[in-house]
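See below for the structure under consideration.
Bear in mind that the values here come from a model prediction, so they are computed numbers and not experimental data.
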Amino acid sequence: SFVCTFTPDMDVKEKITQIFIKWEVDGESILSLMVSQTGAINRMGTMDGQTKGKFAMGTTDEPIFSALLQSVPGDWFSNEGRYALPDPKGKLAELTIGFSGNDVDTGIAFTYGTQSDGPPEDVIEYIEYALELTDPWYVNQTTKKKKNKL
């Protein structure tokens, strides 16, 4: 569970050094993404939820972290917490977007059914944007040819 450790008058975004997204369906990890202020990236999976994604980790010089941080809607920080959406139908799904850093550990999470209403549209758009930003890096990392060792 998230612990909110900031006061409303401070700028939370300035304190965040890491963003993570985790999506599980029926207890299985479909998507996992961590982007750090240092340029570190860990990613496994895609938005389609169909493909068992490959895991990739590494770094980038691209400003992915700052782009993602700037696109976080401000009201997410005043509405942080876990939300269980009513009448879940289908497989149980859990989607979490977390933010951590200097004196901050917060985020939003949704539990819902795959055959019923899911998280709000701005949450889905944010995840799509995160994947769009990291796709070139992810494709490059997961398709690199292994160098033969002599």
With clusters defined by side-chain heavy atoms of hydrophobic residues (ILVMFWY) lying less than 4.5 Å apart, directly or transitively, does I64 cluster with Y129? yes
Tightest non-hydrogen contact, residues A67 and L133, listed as CB-CD1, 3.8 Å
Using the ring of each side chain (for Trp, its six-membered ring), is F77 parallel, tilted or perpendicular to F99, with breaks at 30° and 60°? perpendicular
Verify the cluster assignment for M57 and V139: are they in a single hydrophobic cluster under the rule of side-chain heavy atoms below 4.5 Å apart? no
Minimum heavy-atom separation for Y126 and L69, please, with both atom names. OH-N, 4.5 Å
Partners meeting side-chain contact (heavy atoms from CB on, under 4.5 Å) with D87 (sequence neighbours left out): K89
Consider only side-chain heavy atoms of I, L, V, M, F, W and Y, link residues closer than 4.5 Å, and tell whether L92 and W23 are in one cluster. no
Do F110 and P120 have side-chain heavy atoms sitting under 4.5 Å apart? yes
Show the nearest heavy-atom pair for residues S29 and M44, with the distance to one decimal. OG-CE, 3.3 Å
Using a strict threshold of under 4.0 Å (side-chain N to carboxylate O), is an ion pair present between D135 and R43? yes
Testing the basics here: between E132 and P136, what is the closest heavy-atom pair and its distance to 0.1 Å? O-CD, 3.5 Å
Nearest heavy-atom contact between L95 and P119 is CD2-CG, 3.6 Å
Keeping the roles fixed (side chain from Y138, backbone from N42), state whether a donor-acceptor pair exists under 3.5 Å. no
When you compare the side chain of I30 with that of E24, does any pair of heavy atoms fall below 4.5 Å? no
Residue pairs involving residues 55-71 (criterion side-chain hydrogen bond (donor to acceptor under 3.5 Å, both in side chains); sequence neighbours excluded): none
T114 side chain vs K91 backbone, donor-acceptor pair below 3.5 Å: yes
From T96 OG1 over to K22 NZ, what is the distance, rounded to the nearest 0.5 angstrom? 5.5 Å
What is the minimum heavy-atom distance between N79 and I108, and which atoms define it? O-CG2, 3.9 Å
If you apply the rule side chain to side chain contact (heavy atoms under 4.5 Å, CB included), what do you find for I16 with N102, and how did you get there? CA-CA 6 Å; I16 293 171; N102 303 319; over 6 Å; no
Test log, rule side chain to side chain contact (heavy atoms under 4.5 Å, CB included), inputs M34 and Q18: CA-CA 7 Å; M34 184 285 303; Q18 193 172 65; 3.1 Å; yes
Would you call W76 and D122 a side-chain contact if the rule is heavy atoms closer than 4.5 Å? yes
Heavy-atom neighbours of N140 CG exceed 12 at 6.0 Å: yes
